[in-house]
Number of protein chains: 2
Amino acid sequence: MNARHSEGTATPPASGERSMREVRIVAGVTGPIADPRVLCPVRDVLDRLGDAWSVLVILRLGDGAMRFNALKRAVGAISQRMLTVTLRSLERDGLVTRTVFPTNPPQVEYALTELGASLAGPIGALADWAVTHRDRITSERRRYDAGETDRSSP
Amino acid sequence: MNARHSEGTATPPASGERSMREVRIVAGVTGPIADPRVLCPVRDVLDRLGDAWSVLVILRLGDGAMRFNALKRAVGAISQRMLTVTLRSLERDGLVTRTVFPTNPPQVEYALTELGASLAGPIGALADWAVTHRDRITSERRRYDAGETDRSSP
DNA sequence: CGGCATCCTCTAGGATACTG
DNA sequence: CAGTATCCTAGAGGATGCCG
């Protein structure tokens, strides 16, 4: 057999949870999208947080202001270039402040703005979901990879 | 002057909100990261949702099961290839089901699983944040781009 | 209708080296 | 210390064409 069944048709609105439909409306996804980069608030945020390092940097700055190299060590495998690029873009969006102390050698401190700190909510929601469901996803993934022959053999 | 001040040092824990530090612990970001793709739950989810189309597809499927081409039309500017790729990977993670009806011509229906539907929470949180702060970000961005000369001229 | 397979492009991002 | 500049590669993703 080639078809995989389950759920049939619907999206269960779940018990006390928010409906995906409601979220779609809030997200402004009501018609076809011309360009994935425009007109969708959720995509805006994901463009902002979806890159490899932004969230890791934000989480580190959540503990308080840090200087460039300390931040680099704390984050880990990030390259100097990417830390610079990431911080610039976070600064541009008003999520992070950059303060230069004209000492010698120079000291530069980065810190979350209130706007940046307010991301704790959304990021926390993602973290909770991830922690709750990661085992499930891992097993689903294994199952899928195991039954791969279903797709090619009749 | 070259330094931009604000906030000084700390991350305000805000009124009744969640602290970024707590989120960091939940996210498992307690030591330096060797590879951004491993050991951080939040990064796992963002790798999953951060691409250009996944969330848009998920939001569409939130209204109920859809066939391939209907979904393609609904989403908009997505290419056939990327819709296929996105759906495969969502299916692999157990977020979406794929049901083949052996009619002629063939019909294939996609639907959210319960696991996929449970993303309404986190995605909703992102959407709310985005809608609330998008104007602020836009203006911050404009302000930054305007004062750009500060960085190069002494 | 619902796909693969192929080709081609463009960007994210690492490595390295130099500076105020 | 905290960058900037340059070079280079891998992978994301569009366009196109063929197939059951």
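Naming: A, B, ... by sequence-line order, numbering from 1 per chain.
Looking at which nucleotide of DNA chain C each of I78(A) and P105(A) is closest to, the 5′-most match is held by I78(A).
In this structure, CG of L83(B) is placed 14 Å from P of dC1(C), rounded to the nearest angstrom. Rounded to whole Å, the distance from CZ on R48(A) to C1' on dA12(C) is 14 Å. With rounding to whole Å, M82(A) atom CE is found 19 Å from dA2(D) atom P. As a whole-Å value, the separation of D47(B) CG from dG11(D) P is 14 Å. Spacing between atom CE of M66(B) and atom C1' of dC1(C) amounts to 15 Å, rounded to whole angstrom units. Atom pair R98(A):CZ and dC1(D):C1' shows a separation of 12 Å (rounding to whole Å applied). Across the protein-nucleic acid pair, L87(A) atom CG and dC1(D) atom P stand 16 Å apart, rounded to whole Å. Following rounding to the nearest Å, Q107(A) (CD) and dG20(C) (C1') show an atom-to-atom distance of 16 Å.
Taking only side-chain atoms of V108(A), from C-beta outward, the nucleotide of dA2(D), dG2(C), dG14(C) with the closest atom is dA2(D). Of the candidate nucleotides dG14(D), dA2(D), dC1(C), dG14(D) has the atom nearest to the side chain of S79(B). Nearest nucleotide to the N69(B) side chain, out of dG13(D), dA17(C), dC1(C): dC1(C). Listed nucleotides dG17(D), dA2(D), dG14(C) differ in distance to Q80(B); the shortest reach to its side chain belongs to dG17(D). In the set dT4(D), dG14(C), dC4(C), the nucleotide with an atom closest to the side chain of T84(B) is dC4(C). Closest to the P106(B) side chain, of the nucleotides dG14(C), dG3(C), dC1(C), is dC1(C).
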Intermediate values then yes/no, salt bridge (Lys or Arg N to Asp or Glu O under 4.0 Å), D128(B) and R18(A): CA-CA 12 Å; D128(B) 291 341; R18(A) 196 173 188 182; 3.0 Å; yes
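A donor-acceptor pair under 3.5 Å is formed between the side chain of S118(B) and the backbone N or O of L115(B). Judged by distance alone, with hydrogens and angles left aside, the side-chain atoms of T113(B) form a donor-acceptor pair with the main-chain N or O of L95(B) at under 3.5 Å.
R92(B) is linked by a side-chain hydrogen bond (donor to acceptor under 3.5 Å, both in side chains) to D145(A), counting only residues two or more places apart in sequence or in another chain.
The phosphate of dT16(C) (OP1 or OP2) has no side-chain N or O of R81(A) nearer than 4.0 angstrom. OP1 or OP2 of dG3(C) has at least one side-chain nitrogen or oxygen of R88(B) nearer than 4.0 Å. Phosphate contact (OP1/OP2 of dC1(C), side-chain N/O of Y110(B), threshold under 4.0 Å): absent.
The hydrophobic cluster containing W129(A) does not contain V26(A), counting ILVMFWY residues as joined when their side-chain heavy atoms lie under 4.5 angstrom apart, directly or transitively.
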